[in-house]
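Below, each value reflects all heavy atoms present in this structure, side chains not excepted, and no hydrogens, waters or symmetry copies.
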Amino acid sequence: MEQEPLKWQLVTHLMIVTGCRRGEIMGLQWEKVDFEHNRVKIDKTLTITKSKGVVFGNTKTSDVRFLPLPVETMQLLRQHKREQLRLQLANGDRWINTGFVFTQGNGQPMRPDVITGWLSEFSARHNLPHINPHAFRHTVASVLLANGTDIVTVSKQLGHASVNTTESFYSHIIEENKAKASECIANVLLRKKA
């Protein structure tokens with residue numbers, strides 16, 4: 001992954017550590033990046049409609065989420081910001097200052113579906129099975145649940161409308177965790193130690 005352009009390293013990082021939808025990633029603006037507290041505010045998304053093209057608006061559930069980011073991702077954000085400033089200077093008055101973290105070469109926002117295209121190309125270049133952006137959301141949820149994160153926190157991380165949505169999508173993992181919890185209780189309270 002380190003050989004890929006910085007922009008795509010950062011897109012991938014954000015999908016891996018946040019579980020955000022692709023439109024939420026492409027809708028991220030610099031003013032929503034909190035470098036002091038290592039987090040991002042997710043409250044907007046870019047969507048594509050047949051009638052209007054790319055539309056900037058509220059997230060799917062209109063919720064506002066503050067998602068903490070690891071140091072590694074924050075470093076990539078800082079590097080990307082510097083790279084974008086160099087691109088802006090090189091473009092001069094051709095640059096359209098939209099404030100988006102991810103832009104085209106002239107500052108205009110990138111369409112969310114470019115993530116899907118880039119992942120397809122990446123998969124083909126590296127002889128990997130097809131990777132789609134939504135798989136990152138499932139991976140984040142699965143890792144969090146498998147490591148004991150409560151369902152409410154996972155639901156909030158993903159921006160689901162309700163905990164019921166999260167429970168229905170990930171019921172198989174929740175059931176596995178219940179079985180582990182039962183064994184844990186038995187090991188601590190019922191079984192003799194050797």
Item checked: Val11 vs Ile115, side chain to side chain contact (heavy atoms under 4.5 Å, CB included): CA-CA, chis, key distance, verdict -> CA-CA 8 Å; Val11 166; Ile115 294 177; 3.9 Å; yes
Next item on the list: Go through Leu77 and Leu69 one step at a time and tell me if the side chain to side chain contact (heavy atoms under 4.5 Å, CB included) criterion holds.
Entry: CA-CA 10 Å; Leu77 274 162; Leu69 298 177; 3.7 Å; yes
Next item on the list: Could you go through the side chain to side chain contact (heavy atoms under 4.5 Å, CB included) check for Ile96 and Asn91 one step at a time?
Entry: CA-CA 9 Å; Ile96 302 162; Asn91 273 278; over 6 Å; no
Next item on the list: Give the C-alpha distance, both sets of side-chain angles, the deciding distance and a yes or no for side chain to side chain contact (heavy atoms under 4.5 Å, CB included) between Thr116 and Asn132.
Entry: CA-CA 6 Å; Thr116 306; Asn132 72 63; 5.6 Å; no
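Under the 4.5 Å side-chain heavy-atom criterion for Ile, Leu, Val, Met, Phe, Trp and Tyr, Ile48 and Leu46 are members of the same hydrophobic cluster. Linking ILVMFWY residues whenever their side-chain heavy atoms come closer than 4.5 Å, directly or via other members, leaves Val33 and Phe66 in distinct clusters. Linking Ile, Leu, Val, Met, Phe, Trp and Tyr whenever their side-chain heavy atoms come within less than 4.5 Å puts Leu76 and Trp30 in one cluster.
Side-chain contact between Leu144 and Thr153 is absent, with no heavy-atom pair separated by less than 4.5 Å. For the pair Trp95 and Leu87, the minimum side-chain heavy-atom distance is below 4.5 Å. Looking at His130 and Ser120, their side chains come closer than 4.5 Å, going by heavy atoms from C-beta outward. Taking 4.5 Å as the limit, every side-chain heavy atom of Arg111 sits out of range of all side-chain heavy atoms of Gln104. Side-chain contact between Thr139 and Ser142: absent, with no pair of heavy atoms (C-beta onward) separated by less than 4.5 Å. A 4.5 Å side-chain heavy-atom check between Pro133 and Met15 finds at least one atom pair inside the cut-off. In this structure the side chain of Phe136 never reaches within 4.5 angstrom of the side chain of Arg21, judged on heavy atoms. Between Met110 and Lys7 the shortest side-chain heavy-atom distance falls below 4.5 Å.
With respect to Lys32, the side chain to side chain contact (heavy atoms under 4.5 Å, CB included) criterion is satisfied by exactly one of Asp43, Ile42, Val101: Asp43.
Using a 30° and 60° split on the angle between ring planes, Phe100 and Phe56 fall in the perpendicular class, above 60°.
The two atoms that bring Cys20 and Leu67 nearest to each other are SG-CD1, 3.7 Å, heavy atoms only. Nearest heavy-atom pair across Glu83 and Leu6 is OE1-CD2, 3.7 Å.
With rounding to the nearest 0.5 Å, the separation of OG1 in Thr103 from CD in Gln29 is 11.5 Å. From Arg86, atom CZ reaches atom NZ of Lys81 across 13.5 Å, with rounding to the nearest 0.5 Å. Atom OG of Ser155 and atom CG of Leu145 lie 10.0 Å apart (nearest 0.5 Å). Residue Arg39 holds its CZ atom at 9.5 Å from CD of Glu36, rounded to the nearest 0.5 Å. Atom CD1 of Ile25 and atom CG of Leu10 lie 8.0 Å apart (nearest 0.5 Å). The distance from the CH2 atom of Trp8 to the NE2 atom of His13 is 15.0 Å, given to the nearest 0.5 Å.
Every ring-ring contact (aromatic ring centres under 6.0 Å, His included) that Phe122 has, sequence neighbours left out, goes to Trp118, His126.
For an aromatic pair to be called close, the ring centres must be under 6.0 Å apart, and His80 with Phe102 satisfies this.
Side-chain atoms of Ser62 do not come within 3.5 Å of backbone N or O of Asn58 as any donor-acceptor pair. In this structure a side-chain-to-backbone donor-acceptor pair under 3.5 Å is missing from Thr165 to Ala161. A donor-acceptor pair under 3.5 Å is formed between the side chain of Gln9 and the backbone N or O of Glu4. Arg137 places a side-chain N or O within 3.5 Å of a backbone atom of Leu158 that can act as its donor or acceptor partner. In terms of modelled atom types and a separation under 3.5 Å, the side chain of Thr98 and the main chain of Gly107 share a donor-acceptor contact. Put simply, the side chain of Gln157 gets close to the backbone of Thr18: a donor and an acceptor are under 3.5 Å apart.
Using a 4.0 Å cut-off between a side-chain N of Lys or Arg and a carboxylate O of Asp or Glu, Glu31 and Lys41 do not qualify as a salt bridge.
The 12-atom threshold is exceeded at NZ of Lys44, counting heavy atoms of other residues, nucleotides or ligands nearer than 6.0 Å.
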